[in-house]
K.L.:
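This is the structure, below, for whatever I ask next.
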Amino acid sequence: MNIRVIALNTFGGFLRDRLIILFCALFVCVILLMMTPLLAARTLSAANNTQQVQAMVLGLMSGIMALASGFGSLLAAWAATDTIASEMRSGTILAVMARPVRRWEFLLGKYLGVQLLMVVYIAAMLLLSYLLAQLGGERIHSSWWLLLLYPLVRYAVYSAIAMLLVTVLHSIVTIAIVLVISVLANVVAPSAGHSMIPEVIRTPLYVLLPSTNLLSETRLLSLTQAPLNPSSWLSHLTALAYGLDYALVCFLLAVWVFHYRGLTRD
Amino acid sequence: MTGPAIEFRNVSKSFRTIPALSGVSFEVAHGEVCAFLGPNGAGKTTSMNVLMGFLYADSGEVLVLGHLPGDVRAKRQIGFLPENFAFYKHLNAPELLRFHVQLAGLGVQGDVLIPELLRKVKLNGYEDLKIGKYSRGMVQRLGIAQALLSDPQLLILDEPTSGLDPAGRKEVRDLIMSLKAAGKTIFLSSHLLAEVEQTCDRVIIIDRGQVVRAGRLDELLGRDDRVEIVVDHLPTTMEQLLTDRGVFVARDMQVVRLTVGAASKRDVAEMLWEAGCDVISLNRVRSTLEDLFLKLVGDGSQP
């Protein structure tokens with residue numbers, strides 16, 4: 001009951017957060033700007049060089065989707081950081097924790113509030129993906145639930161990492177570390193090809209850091225007319241379970257740290 | 001109910017190397033109104049935060065209503081007003097109270113209480129205004145309303161009259177008196193010593209993280225058997241006579257104050273009348289909490 005109340009209040013707070021509204025508005029503007037060449041390319045495709053235009057359209061679409069997906073990771077980390085840091089900074093946490101609320105309930109409520117925000121974000125992202133595909137005259141060959149679950153799990157991982165870090169660090173340091181983690185995770189992934197990082201560091205980092213490549217929906221977001229080899233159920237389950245496990249470990253660590261820390265600004 | 005409502009036994013707490021509490025021990029009995037006094041930085045808020053389970057003591061033992069601080073069984077019976085009550089700016093007063101009703105697990109019966117509580121703290125009529133637009137005093141009233149929400153057995157109020165105007169302070173004082181009459185235990189901190197004197201049964205004075213005095217207010221202030229007589233003027237010859245009889249004379253701008261022993265007040269008053277002095281007032285001299293406080297912790301000018 002308490003968890004649900006805290007989650008809904010957190011979500012309500014996000015929807016009224018001026019910073020989030022501003023970022024989303026800016027983001028929509030960028031997307032709209034990027035869509036302009038897409039619409040122009042579609043007009044061209046009616047004339048000649050069909051294959052060339054199609055390649056351009058696909059490039060644009062994947063660019064927009066990658067941007068939306070990356071922004072989501074940042075949003076998840078920022079929302080998780082801010083929701084805890086602002087409660088501590090303003091002191092609102094004291095009135096909440098004076099109620100019969102356990103510390104883990106508070107943290108879980110906050111975490112679920114962030115996930116609610118991310119569900120809304122992913123739904124908007126899905127809508128955008130289908131809209132782009134429609135505009136580009138292409139078809140998305142993946143199930144919608146996969147496109148929903150993969151980013152949701154990835155965002156759950158990032159928000160759990162952020163929540164763990166913010167229980168001990170300043171919010172700006174937290175965001176900076178999450179950004180470094182997300183960049184490093186991509187650099188050390190085997191799919192990133194040859195990198196400057198020596199193998200002896202690269203392998204442990206790849207094991208330690210969340211595999212965002214594995215959890216990336218772009219892996220299965222085949223936009224070409226010929227569908228890619230579909231992944232098996234087991235493959236999806238393994239990838240999603242890996243992400244959930246990673247998020248759970250980070251969240252449990254956050255609960256443990258949060259349990260032993262003071263709740264005041266002293 | 002067995003045992004005290006609040007029990008602090010040899011509690012110490014440091015922030016890094018700075019000690020905030022050093023072996024603090026005190027008790028607050030059920031049904032008592034107890035004031036927790038001390039200068040800024042004395043450790044009052046730290047003690048309250050330890051009491052609520054927001055901070056962990058480095059050593060010592062704390063029990064609240066027979067439970068450890070932070071235990072939900074204790075928190076169900078506690079109403080807490082933090083110092084500088086903070087709020088979710090995006091909510092209005094009924095929404096915030098509803099949020100607290102839900103957290104307290106009061107359900108529908110709690111929802112019914114909301115309009116009544118808002119009336120009680122004089123916030124009715126502001127239901128649609130976002131809390132972010134409230135004045136400092138209104139926020140404090142709302143904080144008091146949320147503390148009273150679950151009809152708690154124990155109220156822990158950190159500076160309840162902070163930010164309130166004189167009328168608001170009187171309302172809080174009346175509220176505390178009515179809660180006291182209802183048998184609630186109240187543990188409050190305040191800098192307004194005159195108000196504390198009017199409402200509290202017991203006082204705990206803390207300074208630099210240590211309890212310097214604790215006890216019932218009447219015991220701490222003691223009984224003074226001196227009387228102050230105020231007259232409009234006093235001839236010099238009369239002054240010499242009275243001084244010889246052990247009367248303390250202090251001349252103000254417009255009046256003369258004479259402090260005499262209670263036993264000789266009648267004689268002195270009659271002497272004054274006969275000498276043609278107009279006796280303006282005759283009152284028992286009483287030590288105030290402020291006197292005691294300043295005596296114990298100084299005037300704050302010490303480093």
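Chain A is the first sequence line, chain B the second, and so forth, proteins listed ahead of strands; every chain is numbered from 1. Everything quoted here is computed from the prediction, not taken from an experiment.
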K.L.:
For Phe54(B) and Met97(A), work out which heavy atoms get closest and say how close.
P.N.:
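Scanning both residues completely, I find the closest heavy atoms to be CE2-CB, 3.7 Å.
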K.L.:
Which answer fits Arg102(A), side chain, backbone, both or neither, if we ask what part of it has an atom under 4.5 Å from a heavy atom of chain B?
P.N.:
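Interface part for Arg102(A): both.
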K.L.:
Where is the tightest heavy-atom contact between Ala95(A) and Pro82(B), given as atom of each residue plus distance?
P.N.:
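Here Ala95(A) and Pro82(B) meet closest at N-CG, 4.4 Å.
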K.L.:
Quick check on Lys130(B): does its NZ atom have over 12 non-hydrogen neighbours (other residues, nucleotides or ligands) under 6.0 Å away?
P.N.:
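Above 12, so yes.
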K.L.:
Quick one: pull up CG in Leu94(A) and CZ in Phe80(B) and give me the separation to the nearest 0.5 Å.
P.N.:
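These two atoms lie 6.0 Å from each other.
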K.L.:
Does atom OH (Tyr56(B)) have a neighbourhood of more than 12 heavy atoms from anything else shown, all under 6.0 Å?
P.N.:
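Buried by this count: over 12 neighbours within 6.0 Å.
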K.L.:
Got a second to check how far Met48(B)'s CE is from Thr264(A)'s OG1, nearest 0.5 Å?
P.N.:
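So the CE of Met48(B) and the OG1 of Thr264(A) are separated by 14.0 Å.
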K.L.:
If you count heavy atoms of other groups shown closer than 6.0 angstrom to CZ of Phe71(A), is the number above 12?
P.N.:
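It does: Phe71(A) CZ has more than 12 such atoms within range.
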K.L.:
Report the option among Gly262(A), Gly13(A), Pro100(A), Gly12(A) that has the most heavy-atom pairs separated by less than 4.5 Å from atoms of chain B.
P.N.:
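Answer, by heavy-atom pair count under 4.5 Å with chain B: Pro100(A).
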K.L.:
Do any of residues 144-152 of chain B come closer than 4.5 Å to chain A, heavy atom to heavy atom, and if so which ones, in number order?
P.N.:
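Listed by number: Gln146(B), Ala147(B), Leu149(B), Ser150(B).
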K.L.:
Please flag which part of Arg103(A) lies under 4.5 Å from any non-hydrogen atom of chain B: side chain, backbone, both or neither.
P.N.:
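When you check distances to chain B, only side chain atoms of Arg103(A) fall under 4.5 Å.
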K.L.:
Determine whether more than 12 heavy atoms belonging to other residues, nucleotides or ligands lie under 6.0 Å from atom CD1 of Ile172(A).
P.N.:
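For Ile172(A), atom CD1 is not crowded (no more than 12 foreign heavy atoms under 6.0 Å).
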K.L.:
Answer with side chain, backbone, both or neither: which region of Glu87(A) has an atom nearer than 4.5 Å to a non-hydrogen atom of chain B?
P.N.:
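Contact with chain B involves the side chain of Glu87(A) alone.
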K.L.:
With chain A as the partner chain, list the residues of residues 86-104 of chain B whose heavy atoms fall under 4.5 Å from it, by residue number, and write 'none' if nothing qualifies.
P.N.:
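Residues in range: Ala86(B), Phe87(B), Tyr88(B), His90(B), Leu91(B), Phe99(B), His100(B), Gln102(B), Leu103(B), Ala104(B).
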K.L.:
Look at Ile93(A), Asn9(A), Val96(A), Asn2(A) and state which one has the largest set of heavy-atom pairs under 4.5 Å with chain B.
P.N.:
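Answer, by heavy-atom pair count under 4.5 Å with chain B: Asn9(A).
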